[in-house]
Amino acid sequence: MSRFYRRGASDSDTDSSEDEVEELKANKSAKFRDDLDFMAGPEEDEKRVVRAQKDKKFDELKSLIKQNRDAKSNKDLNKLLTGFDTLAKAYDKSKTIFQRQNVTNPRFYIRFLVEIEDYVNKLWEDKEAKAALSKNNTKALSPLRQKLKKYIKDHGLTDLVSDYRANPDEDGYETPDDENDEDDFEEVPEASPGRQAERAADSESESDSDDDDSFNWSSEPDTNSSDDEENVTKMEQLRRYFLKKEFREESKDDKKDKRKRVIKVKEVVEEDDDDWTPVSREKSVVHFDPNEEVTHDVMIKKLNEVMSARGKRTTDRNQHVANLQKLLEVAEEKQLGLGISVKISFCIISALFELNAKISDYMEYETFMNTLRTVNTLLDLLITTDRVKLSVTYAEEDENLKDENEEYRIQGSILIAVQRLDGELAKILQNADCHSNDYIEKLKAEKDMCQLIEKAENYVELRNHLGIFDKHEVCKVYMMRIEHTYYKYQDQNVGEVAKTMDYLCNKIYTLDDEKRLRQRAMLCHVYFLAVHDKWHRARDLLLMSHMQAIVDHSDVDTQILYNRTICQLGLCAFRHGFIREAHQGLSEIQNTQRAKELLAQAVGTRPHEKTAEQEKIDRSRQVPYHMHINVELMECVYLICSMLLEIPHMASCEFEMRRRMLSRSFHYQLKQSEKASLTGPPENTREHVVAASKAMLNGDWKKCKDYIVNEKMNQKVWNLFHNADQVKDMVVRRIQEESLRTYLLTYSTVYSTVSLKKLASLFDLSKKDVHSIISKMIIQEELSATLDEPTDCLIMHRVEPSRLQMLALNLSDKLQTLAENNEQILEPRTGRGGYQGPGSWFPGRNERQGDKQKGSGGFQGERRGGPGGPDGKRGNWGSQGGQQRRHPQKPRAF
């Protein structure tokens with residue numbers, strides 16, 4: 001509006017026109033002075049306005065609300081969704097300031113929530129408007145509606161929203177929160193130059209305060225002064241800017257006012273000692289107002305408020321746990337019921353698990369024990385009462401925390417907490433030093449963990465009929481108890497433990513649908529039977545499961561368990577004297593030269609083959625030390641089995657050039673021993689077995705026995721078996737039998753007859769045992785001999801050639817092989833069949849060779865009788881021969 005129309009307006013319009021003139025003047029002067037900020041120097045007299053934190057937060061919220069309203073007016077729901085999230089986070093951060101200054105929820109914030117909720121609900125019900133939205137806005141509508149509804153419910157704003165809907169504000173109404181309080185301002189000295197617009201505003205406010213009386217009497221002087229100031233040119237403003245200001249002495253009170261600063265309140269831990277006083281930066285949380293009655297709604301609201309800080313970067317995790325424990329104490333003190341107590345306890349368990357920033361890090365042992373006690377207490381409470389149902393099937397809307405007339409329904413699963421606690425114990429043991437006393441101290445927690453798992457199993461059996469458990473959770477509980485039982489050897493109450501193991505495995509066989517837990521339960525069952533020397537039952541169960549065919553398609557943890565089971569089954573076969581079966585089971589692991597890595601007892605020694613992430617995953621799969629299988633024992637058993645099988649085989653195939661090896665690693669150890677220039681006494685178990693093998697090959701069973709069974713081997717190998725004496729007797733007996741077989745096979749060409757009594761005395765066996773061994777060798781055609789009962793002797797048959805004859809036969813075999821190779825090379829050139837390789841490049845050659853093999857005279861028949869093809873060429877040899885073969889012109893004599 002121009003000045004001409006302003007002067008002709010009525011008195012009612014005078015005030016508004018004056019405001020517009022002042023705003024215009026302030027904008028012009030501020031713009032002009034902003035250009036002169038670079039010339040401003042430090043002035044001690046300049047002052048800046050420090051606003052209260054409450055007002056700053058109010059302005060921040062109002063600016064965010066304005067942005068959201070702009071997005072709403074533009075129908076940009078995607079931007080509105082993002083803006084609402086930002087507004088909610090800013091409001092949550094402002095809550096602590098509001099509580100400190102005893103400020104309730106701002107009414108303008110409730111008004112905005114009501115506006116957005118009405119807008120979204122109206123848009124949701126209007127199908128035509130919803131169809132007209134873009135793809136991004138349509139996608140953002142549903143999340144915005146759900147987030148808004150959940151936000152109002154979780155933050156306890158339902159009552160405030162309903163009250164506002166009952167008494168809404170009129171259009172254009174401003175609440176007291178919208179106005180700025182002058183009492184919240186503080187004047188402090190400005191060390192650096194401030195903005196000129198603020199200084200102009202301060203000077204105007206001072207002039208207004210000095211001329212209050214004149215302003216109350218009339219408004220005409222203000223109008224005239226405003227007209228005069230408008231006529232001031234830019235040069236005049238520049239001149240006034242550089243004028244020296246009047247010097248005014250400041251009083252001590254003014255200096256004190258300038259030194260005022262807003263100081264953040266910190267909690268100081270006071271101690272009686274004169275030492276250093278630590279200052280903590282943690283913000284104290286105001287739990288409840290002493291004058292406020294703690295009810296269910298207040299407690300739920302406070303719990304939601306504390307849980308809203310969960311997972312944020314600025315949240316102190318230990319303080320978060322302490323806040324929840326304080327809430328639990330208040331809830332038990334006020335006797336708010338089991339629902340509230342169970343809900344808070346479950347929140348405490350979740351917070352204790354989240355004390356680690358990374359899920360891959362292991363939990364501190366003290367924290368683990370604290371969590372174990374909390375879970376144990378909660379589980380005891382759930383077992384003693386049947387009025388509380390804790391299940392993952394419940395939604396947050398279905399929870400019942402305060403109605404005592406109904407059953408308490410709480411979302412969550414105590415079984416998952418037990419499962420995660422078991423995983424944390426495994427990680428603690430993985431990262432502990434296995435050769436220190438610290439590992440033993442931490443291993444004591446496994447007893448408490450086993451008791452907790454048994455208690456969880458009892459809880460499942462008590463409440464399973466209510467249908468509050470998932471089938472997979474129940475299988476996990478049974479599987480956890482199996483995994484803490486299957487590797488332990490029981491000296492006492494073996495029958496009860498075996499029945500329990502059968503019961504748990506049958507439960508998983510019945511309930512599991514994913515087949516993974518069923519496979520693991522079956523492998524654990526086989527492992528348990530093998531540890532307790534149930535060889536035949538363990539073998540049959542493994543063969544019926546067909547795990548050998550499907551284990552390659554299983555996950556890595558199942559493959560590790562399969563390797564452990566196969567090794568334990570091989571050791572069980574060795575204890576029973578089944579040498580061939582033990583060798584077959586152990587060879588799958590020992591021949592790879594990576595036994596520890598395949599059993600998850602060590603990380604691979606070739607780091608260049610794996611990335612850092614893969615190596616980290618491998619370390620997380622390692623088996624705790626108390627579950628390890630002794631790799632040195634397993635290697636020694638494998639070498640002993642190889643010796644008992646390979647030495648007689650070597651004696652029977654002494655002069656064969658291409659003999660089949662049963663164990664490559666055993667032959668490698670023998671070759672390494674033969675290459676040694678100086679052979680000393682054996683030191684480790686491997687050298688003991690190699691020395692015993694050489695003695696057995698010479699037929700000296702006593703020397704072989706002394707290498708296998710002695711004090712050093714007792715400490716490293718035999719004392720590790722629970723039935724050590726029986727195993728040693730079995731090994732000595734097998735050494736005697738295999739030494740006898742080796743002796744007969746080696747010296748069969750030397751003797752013509754051998755007395756059975758002499759053999760029995762030589763190998764310290766009974767005559768009956770010697771007769772049995774020789775009879776088996778004759779039946780299996782290993783030995784060409786006959787038993788003469790009247791003379792009680794073994795008569796050798798001269799079937800085996802001598803050494804010279806054997807070398808001559810080997811030479812003739814080599815010459816025959818050389819001749820065959822020469823014939824195969826010459827066959828393509830001479831046209832004879834037998835060599836099919838290069839003929840694939842020439843179609844006619846294959847046909848000729850095929851006709852010759854079938855007995856037809858393809859090429860020669862052509863030459864004898866035949867005319868050529870229709871074109872007079874000799875290219876159609878195969879077809880012409882075929883016609884003669886199918887239609888012979890004259891019968892053949894043969």
Side-chain angles (χ1 to χ4, degrees), residues 577-584 640-664 666-667 670 674 692-705 730-817 820:
F578 300 111
I579 303 300
R580 190 171 297 276
E581 288 80 358
H583 179 270
Q584 183 180 359
I640 291 174
C641 293
S642 301
M643 178 189 71
L644 296 175
L645 295 175
E646 193 71 39
I647 296 300
H649 181 70
M650 291 171 60
S652 63
C653 306
E654 182 180 1
F655 301 107
E656 292 184 6
M657 299 299 295
R658 299 179 180 177
R659 60 172 177 262
R660 182 174 59 90
M661 290 186 296
L662 299 178
S663 174
R664 292 184 179 273
F666 178 73
H667 278 276
L670 287 179
E674 291 174 358
S693 302
K694 292 180 179 180
M696 180 182 285
L697 193 59
N698 296 326
D700 191 354
W701 74 273
K702 291 184 179 179
K703 194 174 182 180
C704 178
K705 184 199 73 170
M730 181 271 300
V731 171
V732 171
R733 178 61 183 266
R734 291 304 299 264
I735 288 175
Q736 292 174 340
E737 294 176 357
E738 298 303 328
S739 298
L740 173 60
R741 295 178 68 246
T742 305
Y743 183 81
L744 293 174
L745 292 171
T746 303
Y747 300 106
S748 61
T749 59
V750 177
Y751 295 106
S752 58
T753 59
V754 181
S755 174
L756 295 183
K757 292 182 179 179
K758 184 67 176 177
L759 291 175
S761 63
L762 186 61
F763 291 96
D764 198 10
L765 292 171
S766 64
K767 182 180 176 183
K768 183 179 178 180
D769 295 336
V770 173
H771 188 278
S772 175
I773 293 170
I774 294 174
S775 299
K776 289 180 181 179
M777 293 178 68
I778 294 173
I779 292 172
Q780 295 175 0
E781 297 181 356
E782 294 179 357
L783 184 65
S784 297
T786 56
L787 287 169
D788 188 16
E789 294 185 359
T791 59
D792 203 9
C793 292
L794 177 65
I795 301 174
M796 299 292 182
H797 296 173
R798 296 287 181 173
V799 178
E800 291 83 0
S802 62
R803 184 172 182 82
L804 181 60
Q805 293 172 346
M806 184 65 70
L807 294 175
L809 289 175
N810 290 334
L811 180 60
S812 64
D813 290 341
K814 290 183 178 180
L815 291 174
Q816 185 179 359
T817 304
E820 290 177 357

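Checking side-chain atoms of Trp701 against main-chain N and O of Leu762 turns up a donor-acceptor pair under 3.5 Å.
Arg734 and Gly577 make their closest contact through NH1-O, 3.1 Å (heavy atoms, listed as atom of the first residue, atom of the second, distance). The heavy-atom pair separating Cys704 from Ala695 by the smallest distance is N-CB, 3.8 Å. In terms of heavy atoms, Ser693 sits closest to Leu670 at CB-CD2, 4.1 Å. For the pair Asp769 and Ser766, the tightest heavy-atom approach, listed with the atom from each and the gap, is OD2-OG, 2.8 Å. Residues Thr742 and Ala651 come closest through the heavy atom pair CG2-CB, 3.9 Å.
To the nearest 0.5 Å, the span separating CG on Leu794 from OG on Ser752 amounts to 10.0 Å. Residue Leu787 holds its CG atom at 6.0 Å from CG of Leu756, rounded to the nearest 0.5 Å. Taken from NE2 in His771 to CD in Glu789, the straight-line distance is 5.5 Å, to the nearest 0.5 Å. Taken to the nearest 0.5 Å, the CZ atom of Arg580 stands 10.5 Å off from the SG atom of Cys641. For the atom pair CD1 (Ile773) and CD1 (Ile778), the distance works out to 12.0 Å, reported to the nearest 0.5 Å. With values rounded to the nearest 0.5 angstrom, Asp764 atom CG is found 5.5 Å from Gln736 atom CD.
Counting heavy atoms of neighbouring residues, nucleotides and ligands inside a 6.0 Å radius, atom CD of Gln584 does not exceed 12 of them. Shown here is Lys694, whose NZ atom has more than 12 heavy atoms of other residues, nucleotides or ligands within 6.0 Å.
Using a 30° and 60° split on the angle between ring planes, Phe763 and Tyr743 fall in the perpendicular class, above 60°.
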| field | Thr753/Met796 under side chain to side chain contact (heavy atoms under 4.5 Å, CB included): CA gap, chis, key distance, verdict | value | CA-CA 6 Å; Thr753 59; Met796 299 292 182; over 6 Å; no
| message | I'd like to know whether His667 forms a side chain to side chain contact (heavy atoms under 4.5 Å, CB included) with Met650, so could you lay out the CA-CA distance, the side-chain angles of the two residues, the decisive distance to 0.1 Å, and finally the verdict. | response | CA-CA 10 Å; His667 278 276; Met650 291 171 60; 3.8 Å; yes
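A salt bridge links Arg733 with Glu737; the closest basic N to acidic carboxylate O contact falls under 4.0 Å. Salt bridge status for Arg741 with Glu782: present, with a side-chain N to carboxylate O gap under 4.0 Å.
Considering Lys758, Lys767, Lys757 as possible partners of Asp792, the one that fulfils the salt bridge (Lys or Arg N to Asp or Glu O under 4.0 Å) test is Lys767.
Annotation: side chain of Met777 is in contact with side chain of Leu744 (closest heavy-atom distance under 4.5 Å). Counting only heavy atoms from C-beta outward, the side chains of His583 and Ser642 approach each other to under 4.5 Å. Side-chain atoms of Leu644 and Met696, non-hydrogen and from C-beta on, do get closer than 4.5 Å to each other.
Judged purely by distance below 3.5 Å, without hydrogens or angles, the side chains of Asp788 and Thr791 pair a donor atom with an acceptor atom.
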